Amino acid sequence: MEKKAAEKKITVSDAELEILEILWSAGRALNANEIRDALNQSRKWERTTVLTFINRLLKKGVIAQEKREVYYYSPCIEREEYVEEETKNFLKKFFGGSSKKLAAALVNSEALTKEDINELRDYFNRNMEKEGGI
(Lines give C-alpha, C1' and ligand atoms only; values in the text may rest on other atoms or scores of the structure.)
Protein backbone atom coordinates (compact mmCIF):
# COMPACT_ATOMS: atom_id res chain seq x y z
CA MET A 1 0.00 0.00 0.00
CA GLU A 2 1.12 3.54 -0.68
CA LYS A 3 2.27 5.91 2.05
CA LYS A 4 -0.38 8.59 1.45
CA ALA A 5 -0.64 9.95 4.99
CA ALA A 6 3.05 10.78 5.15
CA GLU A 7 2.88 12.73 1.87
CA LYS A 8 0.09 15.08 2.90
CA LYS A 9 -2.57 15.44 5.53
CA ILE A 10 -5.53 13.23 4.70
CA THR A 11 -8.90 14.40 5.93
CA VAL A 12 -11.87 12.09 5.67
CA SER A 13 -15.38 12.60 6.94
CA ASP A 14 -16.97 10.25 9.46
CA ALA A 15 -19.04 8.69 6.68
CA GLU A 16 -15.95 8.16 4.52
CA LEU A 17 -14.20 6.64 7.51
CA GLU A 18 -17.04 4.12 7.83
CA ILE A 19 -16.30 2.95 4.29
CA LEU A 20 -12.57 2.77 5.04
CA GLU A 21 -13.28 0.72 8.19
CA ILE A 22 -15.28 -1.75 6.09
CA LEU A 23 -12.47 -2.06 3.57
CA TRP A 24 -9.85 -2.48 6.29
CA SER A 25 -11.98 -5.11 8.05
CA ALA A 26 -12.62 -7.04 4.86
CA GLY A 27 -8.94 -7.44 4.10
CA ARG A 28 -9.75 -7.67 0.40
CA ALA A 29 -11.11 -5.47 -2.36
CA LEU A 30 -14.88 -4.99 -2.27
CA ASN A 31 -17.33 -3.73 -4.86
CA ALA A 32 -19.86 -0.97 -4.13
CA ASN A 33 -22.67 -3.43 -3.41
CA GLU A 34 -20.55 -5.32 -0.88
CA ILE A 35 -19.63 -2.04 0.80
CA ARG A 36 -23.27 -0.97 0.88
CA ASP A 37 -24.36 -4.34 2.31
CA ALA A 38 -21.83 -3.98 5.11
CA LEU A 39 -22.92 -0.39 5.79
CA ASN A 40 -26.57 -1.37 5.82
CA GLN A 41 -25.99 -3.58 8.87
CA SER A 42 -25.92 -0.38 10.94
CA ARG A 43 -27.62 2.22 8.71
CA LYS A 44 -29.53 2.42 5.46
CA TRP A 45 -27.60 4.18 2.72
CA GLU A 46 -28.79 4.57 -0.83
CA ARG A 47 -26.52 3.21 -3.55
CA THR A 48 -25.90 6.74 -4.86
CA THR A 49 -24.79 7.90 -1.40
CA VAL A 50 -22.28 5.07 -1.13
CA LEU A 51 -20.97 5.85 -4.61
CA THR A 52 -20.61 9.53 -3.72
CA PHE A 53 -18.45 8.70 -0.70
CA ILE A 54 -16.44 6.16 -2.71
CA ASN A 55 -15.75 8.82 -5.34
CA ARG A 56 -14.64 11.30 -2.69
CA LEU A 57 -12.23 8.73 -1.26
CA LEU A 58 -10.90 8.00 -4.75
CA LYS A 59 -10.29 11.72 -5.40
CA LYS A 60 -8.42 12.00 -2.10
CA GLY A 61 -6.24 9.03 -3.08
CA VAL A 62 -7.25 7.09 0.01
CA ILE A 63 -8.71 4.16 -1.91
CA ALA A 64 -7.96 2.65 -5.30
CA GLN A 65 -10.32 1.06 -7.79
CA GLU A 66 -9.76 -1.96 -9.99
CA LYS A 67 -11.99 -2.82 -12.93
CA ARG A 68 -13.13 -6.44 -12.99
CA GLU A 69 -16.71 -7.34 -13.92
CA VAL A 70 -17.48 -4.23 -11.82
CA TYR A 71 -15.22 -1.83 -9.95
CA TYR A 72 -13.57 -3.12 -6.77
CA TYR A 73 -12.12 -0.84 -4.13
CA SER A 74 -9.24 -1.23 -1.71
CA PRO A 75 -7.56 1.13 0.75
CA CYS A 76 -4.27 2.82 -0.20
CA ILE A 77 -3.36 3.34 3.44
CA GLU A 78 -3.12 0.92 6.36
CA ARG A 79 -5.49 1.53 9.25
CA GLU A 80 -2.58 1.82 11.70
CA GLU A 81 -0.91 4.48 9.54
CA TYR A 82 -4.15 6.47 9.32
CA VAL A 83 -4.74 6.26 13.08
CA GLU A 84 -1.16 7.33 13.75
CA GLU A 85 -1.52 10.40 11.51
CA GLU A 86 -4.90 11.32 12.98
CA THR A 87 -3.46 10.98 16.49
CA LYS A 88 -0.55 13.28 15.60
CA ASN A 89 -2.96 15.81 14.06
CA PHE A 90 -5.20 15.65 17.15
CA LEU A 91 -2.22 16.19 19.47
CA LYS A 92 -0.98 19.15 17.41
CA LYS A 93 -4.42 20.73 17.15
CA PHE A 94 -5.52 20.45 20.77
CA PHE A 95 -2.36 19.92 22.85
CA GLY A 96 0.46 21.62 20.94
CA GLY A 97 1.88 18.22 20.04
CA SER A 98 2.31 17.22 23.69
CA SER A 99 1.16 13.73 24.60
CA LYS A 100 1.87 14.64 28.24
CA LYS A 101 -0.76 17.40 28.05
CA LEU A 102 -3.23 14.91 26.52
CA ALA A 103 -2.61 12.42 29.33
CA ALA A 104 -3.04 15.18 31.91
CA ALA A 105 -6.31 16.25 30.29
CA LEU A 106 -7.59 12.67 30.39
CA VAL A 107 -6.67 12.27 34.04
CA ASN A 108 -8.12 15.67 34.99
CA SER A 109 -11.37 15.00 33.14
CA GLU A 110 -11.77 11.71 34.99
CA ALA A 111 -11.99 9.93 31.63
CA LEU A 112 -9.45 7.42 32.92
CA THR A 113 -10.25 5.10 35.80
CA LYS A 114 -7.62 4.09 38.34
CA GLU A 115 -7.53 0.71 36.57
CA ASP A 116 -6.93 2.45 33.21
CA ILE A 117 -4.06 4.44 34.72
CA ASN A 118 -2.50 1.30 36.22
CA GLU A 119 -2.78 -0.51 32.88
CA LEU A 120 -1.16 2.42 31.07
CA ARG A 121 1.63 2.62 33.65
CA ASP A 122 2.32 -1.10 33.19
CA TYR A 123 2.23 -0.69 29.40
CA PHE A 124 4.71 2.20 29.50
CA ASN A 125 6.99 0.33 31.89
CA ARG A 126 7.01 -2.79 29.65
CA ASN A 127 7.80 -0.73 26.57
CA MET A 128 10.51 1.29 28.28
CA GLU A 129 12.15 -1.96 29.42
CA LYS A 130 12.10 -3.28 25.84
CA GLU A 131 13.84 -0.12 24.61
CA GLY A 132 16.36 -0.17 27.44
CA GLY A 133 14.93 3.02 28.92
CA ILE A 134 14.61 1.67 32.47
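None of the values given here were measured: they were computed from a predicted structure.
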Exercise. Of all heavy-atom pairs between Gly61 and Cys76, which one has the smallest distance, and what is that distance?
Worked result: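 Minimum heavy-atom separation between Gly61 and Cys76: O-CB, 3.6 Å.
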
Exercise. What's the shortest heavy-atom distance between Leu51 and Ala32, and which atoms?
Worked result: CD2-CB, 3.7 Å

Measure the spacing between [atom1] of [X] and [atom2] of [Y] and express it to the nearest 0.5 Å.
{"X": "Leu39", "Y": "Phe53", "atom1": "CG", "atom2": "CZ", "answer": "9.5 Å"}
{"X": "Arg36", "Y": "Leu30", "atom1": "CZ", "atom2": "CG", "answer": "15.0 Å"}
{"X": "Leu23", "Y": "Ile63", "atom1": "CG", "atom2": "CD1", "answer": "6.0 Å"}
{"X": "Glu18", "Y": "Ser42", "atom1": "CD", "atom2": "OG", "answer": "5.5 Å"}
{"X": "Leu91", "Y": "Glu86", "atom1": "CG", "atom2": "CD", "answer": "11.5 Å"}
{"X": "Ile22", "Y": "Tyr73", "atom1": "CD1", "atom2": "OH", "answer": "14.0 Å"}

Would you say the side-chain atoms of [X] pair up with the backbone N or O of [Y], donor to acceptor, closer than 3.5 Å?
{"X": "Lys60", "Y": "Thr11", "result": "yes"}
{"X": "Thr49", "Y": "Trp45", "result": "no"}
{"X": "Glu16", "Y": "Ser13", "result": "yes"}
{"X": "Trp24", "Y": "Ile19", "result": "no"}

Problem set entry | All ring-ring contact (aromatic ring centres under 6.0 Å, His included) counterparts of Phe90, not counting sequence neighbours | Phe94, Phe95

Problem set entry | Min side-chain heavy-atom separation Ile35-Asn31 under 4.5 Å |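 They are not in contact (no side-chain heavy atoms under 4.5 Å apart), so the answer is no.
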
Problem set entry | SB check Glu34 Arg28 (cutoff 4.0 Å) |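 Between Arg28 and Glu34 there is a salt bridge, with a charged N closer than 4.0 Å to a carboxylate O.
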
For this session: Indicate yes or no: does Arg68 engage Glu66 in a salt bridge with an N to O separation below 4.0 Å.
Result: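 Looking at Glu66 together with Arg68, the answer is yes, because their closest N to O distance falls below 4.0 Å.
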
For this session: Begin from the C-alpha positions of Arg121 and Asn118 and carry the test side-chain hydrogen bond (donor to acceptor under 3.5 Å, both in side chains) through to its verdict.
Result: CA-CA 5 Å; Arg121 182 197 62 229; Asn118 288 334; 2.9 Å; yes

For this session: May I have the step-by-step check of side chain to side chain contact (heavy atoms under 4.5 Å, CB included) for Ile54 and Tyr71, ending in yes or no?
Result: CA-CA 11 Å; Ile54 286 172; Tyr71 285 108; over 6 Å; no

For this session: Step by step, work out the side-chain hydrogen bond (donor to acceptor under 3.5 Å, both in side chains) result for Asn55 and Thr52.
Result: CA-CA 5 Å; Asn55 283 325; Thr52 297; 5.9 Å; no

Exercise. Taking atom NZ of Lys93 as the centre, does the number of heavy atoms from other residues, nucleotides or ligands within less than 6.0 Å exceed 12?
Worked result: no

